[in-house]
Amino acid sequence: MKQELEQLLQAALEKLAGSLLPEKPAASSVVVERTREAQHGDFASNVALRLAKAARVKPRELAAAIVAALPANELVARTEVAGAGFINFHLAPQAYARELAAIHERGAHYGESALGAGRRVLVEFVSANPTGPLHVGHGRQAAYGATLASVLQAAGYDVAREYYINDAGRQMDILAASAWVRYLELCGERLPFPENGYRGDYVRVLAQDLKAAAGEATLRRPAAAVLANLPADAPAGDKEAYIDALIARARELLGSDGFRQVLELLLEAMLTDIREDLGEFGVTFDNWCSERALAESGAIDHALAVLESQKRLYRRDGALWFRATEFGDEKDRVVVRENGHKTYFASDIAYHLNKRERGFEHLIDVLGADHHGYVARVRAGLAAMGQPGDCLEAPLIQFVSLYRGTEKIPMGKREAQFVTLRQLRAEVGNDACRFFYLMRSHDQPLDFDLELAKSRTNENPVYYIQYAHARVASVMKQLAARGLAFDRAAGLAAVAALTASHEQAVLRSLARYPEVLEQAAVNRAPHALVHYLRELANAFHTYYNAEVFIVEDAPLRNARLALVLGVQQVIRNGLTLLGVSAPETM
RNA sequence: GCGCCCGUAGCUCAGUUGGAUAGAGCAUCAGGCUUCGAACCUGAGGGUCGGGAGUUCGAAUCUCUCCGGGCGCGCCA
C-alpha cells in the first residue's frame, strides 16, 4: 500500500520536473507515512514541505500542484492539502478489502517482502564461552538474535545463524582444571579448590561425567603430586599465577593428550547443554563455528598474511602489532604476543574475514553491551584487510536485571542464585520468557519482573495477544457447534459490509503489518513487532466486545469471520517470528 | 581522564531518514457479562520529553553544554 502511494507521488513529481520543480527529486526523498490522526486520512507525505525551499515555491502551492498531477488510482478515495503543506491520502474501502484478501491468500507468508533482495547476511549471536551454563543475559541475546534473524528472513534476506565457540583459550583450560579438581575430590583426593576456578555446581556434574567416562585409572593422580611446589593461591598469593601453574601441572601429569581428552569431554558436555537449552527455547543455529577449528584450518595465519601484505603490521617490544589507529581505532593492537601466542583479537579478525570469504555480504554480531569497545577494532581489522568497514554491524544488547515484584535479585557471578536461562525458563515458561525479552528495545536496559511474567492475570501482556488468537479459534468452534460453516469467498466478497468503526480500525491495523515488519528489519528492532501485535490485539478485543460475529445475515457473518480470521493469521505470523506459541485454547 | 549507551506520566516503557494536539501497559478512580471465552471492553485523571542554549517553516528526535545513571578502556578471552 505504502509503496504504491510513494510510486504515485514519484510519478507526479516527475511530471512537475522542469516546470515547478528544478529537477526530478531522488526517490529516497519521496516518503509516505501513516498519519497519527484519523482526520488526516490514512497516509500523509511531507514531500512538498521538503522540496519547497529548493523550488522557491510556497509549500501549500507545491502540494496543490503535486495533488493535481497525481495519477488516478483505485486505492485512493481522496487527496487533500493540509496544514503547512502536507498531502493527505484517504484510502478507498477496497484498498483494505484487497489487503484482507491478501492475508487469506498468502497465509503464513503474509507480511514477507523482498526488501533484502536475497542479500546474504550472517547473524552471529549468543556465542557464550562454553565454560558454564547460559545466564539470563545470554537469554536476551538469544531471543533478540533469533527473532532478528527471522525478521530479516521475512524481509527477503538470505540469513544464516551462527554461534562462535570460544574453545581455544585459557578459559577452557581453567574449566578443565576446575573440573579435574572436582573429579579428584570425587575420587577421594583431598585438595583445595582454586580461587580462580569455576565454582558453579555444574562443574561437579562435569566431574561426574568425567568419572563416568574415564573411571579412576587414567585421570586420577595423588593430591600430593598435583600440589607439589605450586605457588600460593589467593589470598596469600596470586590466583592467576596459581591457576596457570595448576593447568601446567595437569598437562604434566596427564600428558598433553590426556589433558586434551579432558578438555574435549568437557567441551562436548557444555556444548550439548547449551545446545539443548537454546533448542528448548526455540533458538537454533545453522552453524556452530569453532575457534580452534578455525585456527587449525590456518585462517589466523591467512588473516595475518593479508595484513602483512597490506603493510599493516609492525614489531615492537617483541610483539607483532596491527596499525589499528590507521583505521579509526583508538590504539594499535597486538596480534602476536611476545611469547609467540596469537591474541584473541587475531583470531577474531580472522573469524570475521572468514565470514566474508564464505560469501556473506553483511555481518551482524549481536553482542552484550560490555563488548562495545571492540567493535571499532574488528571493523578496523576488516577495513585493513580490504573489506568494506560498514559490512559489520553490532547491535549491543543492554543488561538484564531480574526482579521479584519490586525486589531486585542479585546476580553475582560467583554464587549462582537463579541466574541461568534454564532456571528462568522453568519458572516463567518459554513464551513469557521470549516475550519479555523482546518487549523492550535492545539498547534499553531490561527490568525483567518474574512475578509479572508468571502471572496469569490481565497484568501480563503475553496472554493478551495469545488470548486474541485463542478467541478467534473459539469463535470458529462456536460456529461449527451451531451447524454453520465459514464461506471464505463469500466473506471476502462482502468486505464492503464491514463499515462499523471498530471494523475499520481492525482493517487498518491489519494492513500495517507488512510496514511494521519492514521497519523491524530495517531498524533491527524486533520490539516494534511486539508493540504492533498488542495494538492489533487491542483493536480485535474492542471489536469483539462491540459486535457479535455469528449473525443471521450470512454475507455479513462471513465477512466478519474473514476479518477475525485475518487477525488470527497475522497474530500467528507475528508470534511465530517472536518465537512465541499461538495457542487455540488457553 | 577518554569512549559507547541511556534519561519521556507515580511505575515499566513506545515514539530514529526532524512533522500536525507526545502515546501504551500497570497502578488509581468510575462503569460494562441471561448474548461467539470478563485472561476482555469503555471512560477519567496523570507530562518543564533530565536542565540550558543553538540549527529552522517545525525538535522528544539533529548540534553544543551541564547534570544524573549504566558499561568499556590488557602482550585476558
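Letters A, B, ... mirror the listed sequences (proteins, then strands); counts begin at 1. Below, all heavy atoms of this structure are taken into account, side chains as well, without hydrogens, waters or symmetry copies.
Within 3.5 Å, a donor on the side chain of A:N88 pairs with an acceptor on the base of B:rA20, or the reverse. Below the 3.5 angstrom threshold, one finds a donor paired with an acceptor across the side chain of A:H372 and the base of B:rC71. A donor N or O paired with an acceptor N or O is found under 3.5 Å between the base of B:rG19 and the side-chain atoms of A:N46.
Atoms CZ (A:R333) and P (B:rC76) sit 13 Å apart, rounded to a whole Å. The OH atom of A:Y374 sits 12 Å away from the P atom of B:rC73 (whole-angstrom rounding). Counting to the nearest Å, the P atom of B:rA77 and the CD1 atom of A:I165 are 18 Å from each other.
Outside the 6.0 Å centre-distance limit, the rings of A:F345 and A:Y374 are not counted as a close aromatic pair. Outside the 6.0 Å centre-distance limit, the rings of A:Y144 and A:H527 are not counted as a close aromatic pair.
You'll find that the side chain of A:L49 is closest to B:rC57, out of B:rC57, B:rC75, B:rA24. Residue A:R471 has its side chain nearest to B:rA38 when only B:rA77, B:rA38, B:rG72 are considered. Comparing B:rU35, B:rA77, B:rG25 by their nearest atom to the side chain of A:Q171 picks out B:rA77. Taking only side-chain atoms of A:R36, from C-beta outward, the nucleotide of B:rA38, B:rA20, B:rC75 with the closest atom is B:rA20.
A stacked arrangement is not assigned to A:Y467 and the six-membered base ring of B:rG37, the conditions of a centre distance below 5.5 Å and an interplanar angle below 30° not being jointly met. The stacking criteria are not both satisfied for A:H527 over the base of B:rA14, which would need a centre-to-centre distance under 5.5 angstrom and an angle between ring planes under 30 degrees.
For the P atom pair drawn from B:rC62 and B:rA14, the interatomic distance equals 15 Å after rounding to whole Å.
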